[in-house]
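Every value quoted in this text rests on a predicted model; they were computed, and no experiment measured them.
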Amino acid sequence: MKTLEDLRAIREKAQRELASRSSAAKYRISVAMGTCGIAAGARNVMSAILDELNKRNVTQAVVTQTGCLGYCDQEPMVQVTGPNNVTITYGKVTPEAARRIVDEHILKDSVVSAYVFKQG
């Protein structure tokens with residue numbers, strides 16, 4: 001069993017690592033996890049993104065979740081913000097599309113136009 005001090009040290013270390021990853025990330029990926037997004041499969045999309053990033057050992061992206069983006073008919077939705085602060089919003093993202101977004105957008109700097117809902 002860990003002591004309270006051990007647990008605090010683990011928490012502080014994790015917070016420092018997350019802060020350093022967040023500030024060094026080239027891309028920020030947000031998955032809309034509102035009720036409509038979850039009902040449309042956003043959890044599977046989030047899992048696919050995390051899995052693909054881990055399999056490819058990608059450290060240049062940070063993944064977060066957000067609420068409903070207001071376009072429920074486009075769920076599941078994923079937003080990718082690049083180093084130029086331009087945000088690409090992808091709609092009707094499947095787990096396979098999510099893996100493609102990681103491959104092409106995150107790793108090759110090429111927007112996956114087939115799934116773009118909104119740009120800018």
Side-chain angles (χ1 to χ4, degrees):
M1 178 108 191
K2 300 276 184 189
T3 66
L4 189 55
E5 280 305 310
D6 291 340
L7 294 174
R8 283 187 181 135
I10 291 170
R11 181 182 69 189
E12 289 172 9
K13 180 181 174 201
Q15 288 174 335
R16 280 194 305 271
E17 289 175 359
L18 283 174
S20 67
R21 282 183 63 190
S22 179
S23 63
K26 182 177 176 184
Y27 289 101
R28 298 190 185 283
I29 304 169
S30 291
V31 179
M33 298 285 278
T35 305
C36 51
I38 292 171
R43 287 181 201 245
N44 292 335
V45 169
M46 172 76 97
S47 294
I49 290 170
L50 293 172
D51 181 58
E52 200 65 22
L53 292 172
N54 284 333
K55 276 198 307 193
R56 295 170 177 249
N57 199 24
V58 176
T59 58
Q60 64 189 23
V62 171
V63 181
T64 61
Q65 65 182 41
T66 187
C68 177
L69 297 176
Y71 303 100
C72 300
D73 64 321
Q74 293 295 313
E75 295 288 354
M77 297 182 80
V78 173
Q79 291 185 312
V80 177
T81 303
N84 53 4
N85 286 327
V86 172
T87 298
I88 305 295
T89 303
Y90 292 102
K92 297 185 179 181
V93 178
T94 62
E96 294 75 26
R99 292 181 189 280
R100 186 172 164 196
I101 290 167
V102 169
D103 178 54
E104 295 181 26
H105 193 143
I106 303 302
L107 295 175
K108 298 174 183 167
D109 289 323
S110 177
V111 173
V112 184
S113 58
Y115 297 100
V116 171
F117 171 68
K118 187 177 173 186
Q119 186 169 351

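- Between T64 and R28, every side-chain heavy-atom pair lies at or beyond the 4.5 Å cut-off.
- Criterion: ILVMFWY side-chain heavy atoms under 4.5 Å apart, direct or through other members. Under it, V116 and M77 are not part of a common hydrophobic cluster.
- Across all non-hydrogen atoms, the minimal contact from V93 to A98 is CG1-N, 3.7 Å.
- Atom CZ of F117 sits in a crowded spot, with more than 12 heavy atoms from other residues, nucleotides or ligands closer than 6.0 Å.
- By the 4.5 Å heavy-atom criterion applied to side chains, L69 and Q74 are not counted as neighbours.
- Summarising the geometry, atom OG1 belonging to T94 is positioned 12.0 Å from atom NZ belonging to K92; distances are rounded to the nearest 0.5 Å.
- Smallest separation of non-hydrogen atoms from G41 and P76: C-CG, 3.9 Å.
- Here the side chain of D51 pairs no donor or acceptor atom with the backbone of S47 at under 3.5 angstrom.
- Nearest approach of A42 to M33, heavy atoms of both residues: CB-SD, 3.5 Å.
- A32 and G67 get closest at one heavy-atom pair: CB-O, 3.6 Å.
- The shortest side-chain heavy-atom distance between Y90 and V111 falls under the 4.5 Å cut-off.
- Contacts of R43 classified as salt bridge (charged side-chain N to carboxylate O under 4.0 Å, His left out), with partners at least two apart in sequence or in another chain: none.
- Here CD1 of I49 is found 10.0 Å from CZ of R99. Values are rounded to the nearest 0.5 Å.
- Grouping the Ile, Leu, Val, Met, Phe, Trp and Tyr side chains by contacts below 4.5 angstrom, directly or via other members, places Y115 with V63.
- A donor-acceptor contact closer than 3.5 angstrom links the side chains of T3 and D6.
- The two residues K2 and I10 make their nearest non-hydrogen contact at CE-CD1, 4.4 Å.
- For T87, the side-chain hydrogen bond (donor to acceptor under 3.5 Å, both in side chains) test picks out T81, with sequence neighbours left out.
- Using a 4.5 Å cut-off on side-chain heavy atoms (C-beta onward), L53 and I29 make contact.
- Neither Y71 nor I88 shares a network with the other; the hydrophobic side chains, linked directly or stepwise wherever heavy atoms of I, L, V, M, F, W or Y lie under 4.5 Å apart, form separate groups for each.
- Applying the salt bridge (charged side-chain N to carboxylate O under 4.0 Å, His left out) test to residues at least two apart or on different chains, the pairs with a partner in residues 56-67 are E52-R56, R56-D103.
- Note: the hydrophobic cluster containing V112 also contains I106 (ILVMFWY, side chain heavy atoms under 4.5 Å, direct or indirect links).
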